[in-house]
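Structure first, then comments.
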Amino acid sequence: MLSYICLIWVLLVLFTGSTESESVVMGEVGQDVTVPCHYHVQNRHGITSMCWGRDRCPSSKCSRPIIWTDGWRVTEQHSSRYQLKGDLQRGDVSLTIESAREADSGIYCCRVELPGWFNDQVINYKVVVKKARISTASPHTYTSEQTSAPGSTTESSFTVTRTWPPVSASEAPQTASTPCSGPSDCLDVTANLQNTSVSLPSQQHPEPGLYIGIGSCAALLLILILALFLT
């Protein structure tokens, strides 16, 4: 009867294996993906070997192994992209997949070989590596209005006002603000400009009567001086 119970227990262990758990690890293409795995180390004698595989953990060892360690260092490595960057002697055997690809997606097995029959620590992980999301939203258009705060001056609102001396309508030169609509309009504008250029210099010379008065006074003064010499 005892042997029968032992046989049933062995069969159950062989078919079910050690207690397993499964977690999901997400990653992006081109980024490093870390799959965690730890075991408890009490002393140097507790350091043990382990393996990582690309399939569910079987009853022993690892299916499709990608990396092996004797507990102190990595002994086998399927690719340089698979790294154990944790402290192995402290039980940190997390797997780092460098520059992950979509092909790296799948089931990963972490098996820590503990002493005793069917006593291994087994963890299955589902790794999902996807492409980075690219935003498809249309670009936003921002429209800003420049407003001048009190005491400040901006290029758009700055206005320079120049004050010229007052000029009478007769002295102000007439210019055409718009292109000539016909030959007669252009002739009128030219005539006005010529009249203005001729009349302006005439106002700068003294009148002829002023010269005549000055000459008469000088002549009278000269006659009086001669009369005084003669007498």
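This is a predicted model, so every value here is computed, not measured. Counting from 1, the numbers follow the sequence of the chain as shown.
- A disulfide is not assigned to Cys57 and Cys62, since their SG atoms are no nearer than 2.5 Å.
- For the pair Val93 and Leu88, the minimum side-chain heavy-atom distance is below 4.5 Å.
- At a threshold of 4.5 Å between non-hydrogen side-chain atoms, the residues Glu102 and Lys131 count as touching.
- Two residues are said to be in side-chain contact when any heavy atoms from C-beta on lie closer than 4.5 Å; Gln83 and Glu98 meet this criterion.
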Exercise for the section: Determine, step by step, whether Leu84 and Ile67 satisfy the side-chain contact (heavy atoms from CB on, under 4.5 Å) criterion, reporting the C-alpha distance in whole Å, the side-chain angles of both residues, the deciding distance to 0.1 Å, and the verdict. Expected result: CA-CA 9 Å; Leu84 298 182; Ile67 197 165; 3.7 Å; yes

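- In the hydrophobic cluster analysis, where Ile, Leu, Val, Met, Phe, Trp and Tyr join through side-chain heavy atoms closer than 4.5 angstrom, Val127 is grouped together with Val29.
- Using a cutoff of 4.0 Å between basic side-chain nitrogens and carboxylate oxygens, Asp55 and Arg64 are not scored as salt-bridged.
- Residues Trp52 and Cys37 meet the side-chain proximity criterion, which asks for heavy atoms closer than 4.5 Å.
- Between Val41 and Arg90 the shortest side-chain heavy-atom distance does not fall below 4.5 Å.
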Donor-acceptor pairs are to be reported for all side-chain atoms of residues 44-51 against protein atoms at under 3.5 Å, with residues two or more places apart or in another chain.
{"residue": "Thr48", "atom": "OG1", "partner": "Glu113", "partner atom": "O", "Å": "2.4"}
{"residue": "Ser49", "atom": "OG", "partner": "Glu113", "partner atom": "OE1", "Å": "2.5"}

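- The shortest side-chain heavy-atom distance between Ser94 and His38 falls under the 4.5 Å cut-off.
- Listed by first and then second residue, the side-chain hydrogen bond (donor to acceptor under 3.5 Å, both in side chains) pairs that reach into residues 70-82 are Arg81-Asp104, sequence neighbours excluded.
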Practice task
Apply side-chain contact (heavy atoms from CB on, under 4.5 Å) to the pair Met26 and Lys126, showing each step before the final yes or no.
Solution key: CA-CA 8 Å; Met26 304 294 295; Lys126 181 179 181 180; over 6 Å; no

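- When side chains are defined from C-beta on, Ile107 does not count as touching Tyr125, because their heavy atoms never get closer than 4.5 Å.
- Val112 and Trp68 fall into different hydrophobic clusters, where Ile, Leu, Val, Met, Phe, Trp and Tyr side chains are chained together by heavy-atom contacts under 4.5 Å.
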